[in-house]
Amino acid sequence: MRDLPKASDLLDWYDRHARDLPWRVPPAARLAGVAPDPYRVWMSEIMLQQTTVVAVKSYFEAFTARWPTVIDLANAADEDVMAAWAGLGYYARARNLLKCARVVTSDFDGTFPNDHDTLLTLPGIGPYTAAAIASIAFDQPETVLDGNVERVMARIFDDHTPLPKAKPVFHDYAAQLTPELRTGDYAQAVMDLGATICTPKNPACGLCPWRGSCAAWTAGTAAELPKKAQKKRKPTRFGIAYLARRVDGAWLLERRPDKGLLGGMLGWPGSDWNEAPSPAPPIRAEWKELNAEARHTFTHFHLRLKVLTALVPMDRKPDQGMFVEPGEFNRDDLPTVMRKAYDLASKG
DNA sequence: GACGCGTGGCT
DNA sequence: TAGCCAAGCGT
């Protein structure tokens, strides 16, 4: 039987190679007794769900500067938080972020719970995030299993079982390797390993501190792991967006319902996105169709969005939506697909 | 367990 | 280019 990799070898590597991230307390500081702020750990983990470090950084800085504590965030207006999240994607996270901040403030006196099971009851916190907060913020001996750890475990154990079926087994593997001490550093170390060495493509096995005990390295199968179930291909859907500009420069927008795609975000009035939309315009006007269409790809479909524009007089009342005054309107408050439509309309 | 849910970078 | 992928969660 091959020896299991040692947590201490990975921690030694992490002590030398830990990335410098805005939400991270470096290993030397942690060893010197500096404790992470659970609020910042939580905020970073929510933002990092299915989202790259590069994309998260500026949002994390903006959120923590504007709302330095969970109580500040709990007291924020919904529309301010949604606008600040615009562009980061998966907008249910922003709605749950606010819900969670308000629960922590009202039910936990503004202090994050430190145990996995209580964390798991909070909005937006699932198995991974509960384990991540418990370990990183509180050094509890919990095992994190994210996409990085899944890949590392598939390779260490050369397990070709396809995900997500393999998930429970991979969690068992990961739990076997989790140490009792320095669990916060360990959790970050194994994820750093996956992000920088044990990468999906072209893994840098020559630099890996666990290479000597990696079954996939021995078998030469690292690059083809983990196996995954086949994905469905994305259909193309079609839609229409109405961009009405009042003569004073105000834009006609609507707040989307909380549930569903882009829930809670601002958007242009228009059609549902399906086969052949033909919705009534949100306001009576001389509508002109732009030559170009906005193209955007969501998680599960491609969208081709026809953009219609109109200039309307001050006294014209809309049937749907609300005019947003020129001073109140910020392009960056919109989700990306709505920005694309705006960019087309404001140029053309 | 399967599906809905964003976005941008990389190959 | 078109698909793959990223510190997943809620239903």
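Just so we're on the same page: letters track the sequence lines, and every chain starts at 1. Not measured: the values here are computed from a predicted model.
A:Gly260 comes within 4.0 angstrom of sugar-phosphate atoms only, judged by non-hydrogen atoms across all strands, and of no base. Note on A:Lys231: only backbone sugar-phosphate atoms sit closer than 4.0 angstrom, heavy atoms only; bases stay farther off. Residue contacts for A:Pro164: at a heavy-atom cut-off of 4.0 Å it reaches no nucleic acid atom on any strand shown.
When each of A:Lys201 and A:Leu261 is assigned the nucleotide of DNA chain B bearing its nearest heavy atom, the one mapping closer to the 5' terminus is A:Leu261.
When atom types are taken as modelled, the side chain of A:Arg316 and the backbone of A:Arg284 share a donor-acceptor pair closer than 3.5 angstrom. A distance-only check finds no donor-acceptor pair linking the side chain of A:Thr199 to the backbone of A:Thr196 [under 3.5 Å]. The backbone N or O of A:Asp139 sits less than 3.5 Å from a side-chain atom of A:Thr183, completing a donor-acceptor pair.
Comparing the P positions of B:dA2 and C:dA7 gives a spacing of 22 Å, expressed to the nearest Å. With both ends at atom P, the span from C:dC4 to B:dC3 equals 16 Å, rounded to whole Å. Distance check on atom C1': C:dT1 versus B:dG8 gives 16 Å, rounded to whole Å.
A cation-pi contact, defined as under 6.0 Å to the ring centre and within 45° of the axis, is absent between A:Arg237 and A:Trp273. For A:Arg331 and A:Tyr342, the positive end is not near the middle of the six-membered ring at less than 6.0 Å and at most 45° from its axis.
Nucleotides of DNA chain B lying under 4.0 Å from heavy atoms of chain A occupy a range whose first and last members, 5' to 3', are B:dC3 to B:dG8. Nucleotides of DNA chain C lying under 4.0 Å from heavy atoms of chain A occupy a range whose first and last members, 5' to 3', are C:dC5 to C:dG10.
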Which donor-acceptor pairs under 3.5 Å do the side chains of residues 69-86 of chain A make with protein atoms, sequence neighbours left out?
| from | atom 1 | to | atom 2 | distance (Å) |
| --- | --- | --- | --- | --- |
| A:Thr69 | OG1 | A:Ile71 | N | 3.4 |
| A:Thr69 | OG1 | A:Asp72 | N | 3.1 |
| A:Thr69 | OG1 | A:Asp72 | OD2 | 2.9 |
| A:Asp72 | OD2 | A:Thr69 | N | 3.1 |
| A:Asn75 | ND2 | A:Ile71 | O | 3.2 |
| A:Asp78 | OD1 | A:Arg102 | NH1 | 3.2 |
| A:Asp78 | OD1 | A:Arg102 | NH2 | 3.1 |
| A:Trp85 | NE1 | A:Gly89 | O | 2.9 |

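Shown for residues 42-58 of chain A: residues whose heavy atoms fall under 4.0 angstrom of DNA chain B, namely A:Gln50, A:Thr51. Residues from residues 15-26 of chain A placing a heavy atom under 4.0 Å of any atom in DNA chain C, listed by number, are A:Arg19, A:Leu21, A:Trp23, A:Arg24. Within residues 172-185 of chain A, no residue has a heavy atom under 4.0 Å from DNA chain C.
When ring centroids are compared, A:His296 and A:Phe298 come within the 6.0 Å threshold.
Side chain to side chain, A:Asp159 and A:Thr161 meet the donor-acceptor criterion of an N or O pair below 3.5 Å. Under 3.5 Å, the side chains of A:Asn148 and A:Asp146 contain a donor-acceptor pair of N or O atoms.
Here A:Glu45 does not pair with A:Arg93 in a salt bridge; the nearest charged N to carboxylate O distance is not below 4.0 Å.
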